[in-house]
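The block underneath contains the structure these notes are about, expressed in structure tokens.
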Amino acid sequence: MEISSQKSLEKVLSQRALQMGSSFPCQICVVGFLCGVCLTSLFLAALTSFGSFEFGGFSLSTKSLGASPRNSGSEIFNIVTSTDCNFKPKETERLEVDSQSVKERTDDERVSLLYSAWSAKLTKSVDEESEYLKQLRLSKSNVPNAPHLENCKLRTQVNERLDRRPGNESFPPWTGWKGVLDMNPAATTNEQMTYFRHRVISEGAYPPWITGSDEENYPYTRKVQRDIWLHQHPLNCRAPNVKFLVADWERLPGFGIGAQLAGMCGLLAIAINEKRVLVTNYYNRADHDGCKGPSRASWSCYFFPETSQECRDRAFDLLGSDEAWKRGIITAKDNYSSKEIWTGRTPRLWGDPWAYLQPTTEINGSLIAYHRKMDRRWWRSQAVRYLMRFQSEYMCGLLNVAHHAAFGKEAAKIVLKSLGKEWPKEFANKPNSDIEDYVWSSHKPWIPRPLLSMHVRMGDKACEMKVVEFEEYMHLADRIRKRFPHLNGIWLSTEMQEVIDKSKSYSNWNFYYTNVTRQVGNVTMASYESSLGRETSTNYPLVNFLMATEADFFIGALGSTWCFLIDGMRNTGGKVMAGYLSVNKDRFW
């Protein structure tokens with residue numbers, strides 16, 4: 001009886017439970033419970049996947065929660081996806097994308113604003129710059145320093161001091177201290193430091209325009225540069241034993257800047273062999289409105305003069321003296337044959353250091369250890385380095401413009417990243433400290449390193465050397481990057497628009513180049529330069545030349561005089577061990 005009553009009770013309860021389970025309120029509860037499970041799973045997956053979650057001042061991290069690798073991240077993500085509870089509203093996704101776009105747009109606007117402020121500093125007068133900054137709602141006090149730009153006025157003043165003798169000293173102040181460091185008040189008032197500087201100067205330190213050790217340059221580079229400077233700067237230019245060679249730069253039709261430099265290297269060799277001071281005169285490429293005052297039509301428009309102003313004045317006085325010509329105190333370019341100028345005797349004052357040049361040039365997969373013109377290669381390197389030892393303020397400004405056009409926005413991004421989000425509202429430049437004024441001021445402007453320079457010479461050069469396609473240059477670039485995988489940037493110099501167009505197909509490289517009209521089709525270099533005008537056709541090649549000397553690597557064609565001279569500047573600028581990959585060899589080797 002008891003058993004029968006119990007079964008009847010269970011049956012009633014089961015029926016009642018079934019009725020309740022099929023009721024609508026109960027179904028709602030079950031669905032709500034399952035959705036709660038989905039929400040919890042999704043929250044934990046997001047939490048463990050991103051590692052941390054922050055809300056207000058409260059921060060959660062998978063590490064602080066002690067989540068083990070086995071239970072975090074991927075495992076929770078797999079559980080969530082298996083429930084098929086992808087209920088994230090599309091509107092939320094759209095809001096996140098819009099938020100990211102707004103952030104990127106804001107960052108781009110700040111970069112453009114800073115870039116424009118720096119541009120005003122380069123292109124406008126002091127008053128115009130201030131007015132322009134007001135329009136941008138900025139002032140000089142809240143525009144941060146541009147790391148890619150040089151203070152040209154300061155750099156020129158420092159170099160002028162390093163290019164002349166102080167008082168009755170035998171040498172300029174070439175101490176072991178770089179830049180303006182020896183102008184620090186502590187150095188000028190300390191007697192022991194003053195004595196040390198005087199002793200170093202009197203003994204003749206090496207010139208400051210040489211970078212690196214002897215092993216990083218061509219043999220004897222530092223000694224040769226010092227000796228050339230002393231030869232070109234006698235203590236008394238009016239002494240009876242001081243003789244001169246006055247020469248205009250070559251200006252025959254078809255002579256490029258490279259040929260002009262090569263010719264002047266030959267004349268400097270003659271001057272040294274004959275114990276004369278070389279004085280350069282008319283430079284046709286500087287005869288334009290960009291070169292102001294006495295620097296017009298002069299090499300000094302772009303680089304420091306080859307001798308002192310006292311010697312120049314003395315030489316030009318002697319040009320009108322028949323007695324000086326008869327006695328051989330003065331000579332001119334016409335006194336020498338083309339053979340003497342272009343293939344004359346290399347000075348032997350330093351022995352034959354070209355006999356042991358380090359083999360760091362590769363052509364067709366092999367290092368070149370010896371060739372027939374090693375003495376000429378060594379000497380032209382020394383001569384060009386001396387003639388270009390210091391840039392003029394004008395040349396420095398041209399480089400600043402090129403740096404800003406190529407690297408300005410990258411520099412702005414880096415600077416803004418270091419400042420955070422407060423610029424320009426909560427930022428003001430602070431007065432420089434001593435280390436900024438006396439130490440860091442000697443650092444060179446920022447460029448995106450490592451940087452490969454590539455000079456692609458084509459066009460009418462085919463009549464003088466083997467010309468190869470751009471693809472071959474890029475093959476060599478890929479070889480360099482195989483060894484240095486962090487190399488991404490190429491400074492590309494070329495006169496051919498075809499090369500610029502082809503560079504755009506190499507999306508895995510960042511190309512930088514000057515914004516100038518280039519050749520389309522086969523025209524002579526003389527015609528091309530004429531179409532650009534004298535100022536542009538001189539300025540932009542010199543910018544490319546100096547960029548090539550500063551780059552970490554170089555690819556060119558040694559059959560081109562221009563590339564030959566770039567190689568020389570690099571080999572006297574601490575870049576010997578960077579090597580040189582050439583697509584061909586010099587035609588005279």
Side-chain angles (χ1 to χ4, degrees), residues 160 163-165 168 170 172 224 227-255 257 259-288 291-349 376 379-380 382-384 386-389 392 534 538:
E160 284 175 346
D163 203 51
R164 61 171 178 259
R165 295 180 178 88
N168 296 321
S170 301
V224 171
D227 292 349
I228 294 177
W229 191 93
L230 291 174
H231 171 89
Q232 287 290 112
H233 293 79
L235 288 168
N236 181 7
C237 296
R238 295 188 174 274
N241 62 327
V242 176
K243 299 183 296 183
F244 300 93
L245 192 170
V246 180
D248 290 345
W249 292 77
E250 288 287 355
R251 44 181 160 163
L252 292 173
F255 269 54
I257 302 176
Q260 290 178 312
L261 280 167
M264 196 55 69
C265 290
L267 288 165
L268 181 57
I270 292 172
I272 289 177
N273 286 332
E274 294 187 357
K275 294 182 173 55
R276 298 179 182 276
V277 175
L278 174 66
V279 178
T280 66
N281 197 6
Y282 181 72
Y283 184 43
N284 62 328
R285 290 182 175 273
D287 194 359
H288 57 73
C291 297
K292 308 294 184 182
S295 70
R296 178 157 187 153
S298 172
W299 179 248
S300 62
C301 176
Y302 293 100
F303 299 93
F304 274 33
E306 68 292 333
T307 188
S308 64
Q309 188 60 48
E310 293 78 12
C311 280
R312 292 179 63 82
D313 292 342
R314 174 61 175 166
F316 292 138
D317 287 344
L318 292 174
L319 284 176
S321 170
D322 292 338
E323 182 67 19
W325 285 100
K326 290 178 182 178
R327 294 173 54 193
I329 297 175
I330 192 165
T331 58
K333 187 168 61 177
D334 293 341
N335 291 91
Y336 308 97
S337 67
S338 295
K339 184 177 180 180
E340 288 176 300
I341 295 172
W342 294 94
T343 61
R345 184 170 176 267
T346 299
R348 256 61 176 183
L349 298 177
R376 187 184 302 170
W379 168 249
R380 283 185 179 176
Q382 302 296 340
V384 172
Y386 175 76
L387 292 171
M388 293 184 165
R389 65 193 183 282
S392 69
R534 180 169 288 174
T538 304

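No hydrogens, no waters, no symmetry mates; every other heavy atom, side chains included, goes into these values.
- Put simply, CZ on Arg164 and CD on Glu310 are 10.0 Å apart, with the number rounded to the nearest 0.5 Å.
- Smallest separation of non-hydrogen atoms from Lys243 and Gly328: CD-O, 3.7 Å.
- In this structure, the side chain of Ser392 engages the main chain of Cys301 through a donor-acceptor pair within 3.5 Å.
- The nearest pair of heavy atoms linking Pro347 to Ile272 is CB-CG2, 4.1 Å.
- Across all their heavy atoms, Ala247 and Lys333 have their closest contact at CB-CB, 4.2 Å.
- Atom CE of Met264 and atom CG of Asp248 lie 8.0 Å apart (nearest 0.5 Å).
- Here the CG atom belonging to Leu268 is positioned 5.5 Å from the CD atom belonging to Gln232, to the nearest 0.5 angstrom.
- Of all heavy-atom pairs spanning Phe316 and Thr280, the tightest one is CZ-O, 4.3 Å.
- Taking the ring centre of Tyr283 as origin, the terminal cationic atom of Arg285 falls outside the region bounded by 6.0 Å and 45° from the ring axis.
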Practice task
Step by step, work out the side chain to side chain contact (heavy atoms under 4.5 Å, CB included) result for Val246 and Leu319.
Solution key: CA-CA 8 Å; Val246 180; Leu319 284 176; 4.2 Å; yes

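- No side-chain donor-acceptor contact under 3.5 Å links Trp299 to the backbone of Trp249.
- Looking only at side-chain heavy atoms (C-beta outward), Phe304 and Glu160 come within less than 4.5 Å of each other.
- For Arg327, the CZ atom sits in a loose shell: 12 or fewer heavy atoms of surrounding residues, nucleotides or ligands are nearer than 6.0 Å.
- For the pair Glu306 and Arg312, the salt-bridge criterion is met [side-chain N within less than 4.0 Å of a carboxylate O].
- Contact of the Asp227 side chain with the Gln382 side chain is not registered, since no non-hydrogen atoms from C-beta on lie closer than 4.5 Å.
- Taking all atoms of both residues into account, the shortest heavy-atom contact from Arg348 to Asn273 is N-OD1, 4.4 Å.
- Looking at every heavy atom in both residues, Gly263 comes nearest to Ile341 through O-CG2, 3.6 Å.
- Side-chain N or O atoms of His288 include none that pairs as donor or acceptor with a backbone N or O of Ala297 at under 3.5 Å.
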Exercise for the section: Test side chain to side chain contact (heavy atoms under 4.5 Å, CB included) on Arg314 and Val277 and set out the steps. Expected result: CA-CA 11 Å; Arg314 174 61 175 166; Val277 175; over 6 Å; no

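- Here the straight-line distance linking atom CZ of Arg380 with atom CG of Leu387 works out to 12.5 Å at 0.5 Å rounding.
- To the nearest 0.5 Å, atoms CG (Asn335) and CH2 (Trp325) are separated by 6.0 Å.
- Contact annotation: the side chain of Tyr336 approaches that of Glu274 to within less than 4.5 Å [non-hydrogen atoms, C-beta and beyond].
- Between the side chain of Arg296 and the backbone N or O of Cys291 there is no donor-acceptor pair closer than 3.5 Å.
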Exercise for the section: Applying side chain to side chain contact (heavy atoms under 4.5 Å, CB included), run through Arg376 and Thr343 and close with a yes or a no. Expected result: CA-CA 8 Å; Arg376 187 184 302 170; Thr343 61; 3.3 Å; yes

Practice task
Check step by step if side chain to side chain contact (heavy atoms under 4.5 Å, CB included) holds for Asn241 and Lys275.
Solution key: CA-CA 9 Å; Asn241 62 327; Lys275 294 182 173 55; over 6 Å; no

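- Taken to the nearest 0.5 Å, the CZ atom of Phe244 stands 7.0 Å off from the OG1 atom of Thr307.
- Here the side chains of Cys265 and Val384 are in contact, with some heavy-atom distance below 4.5 Å.
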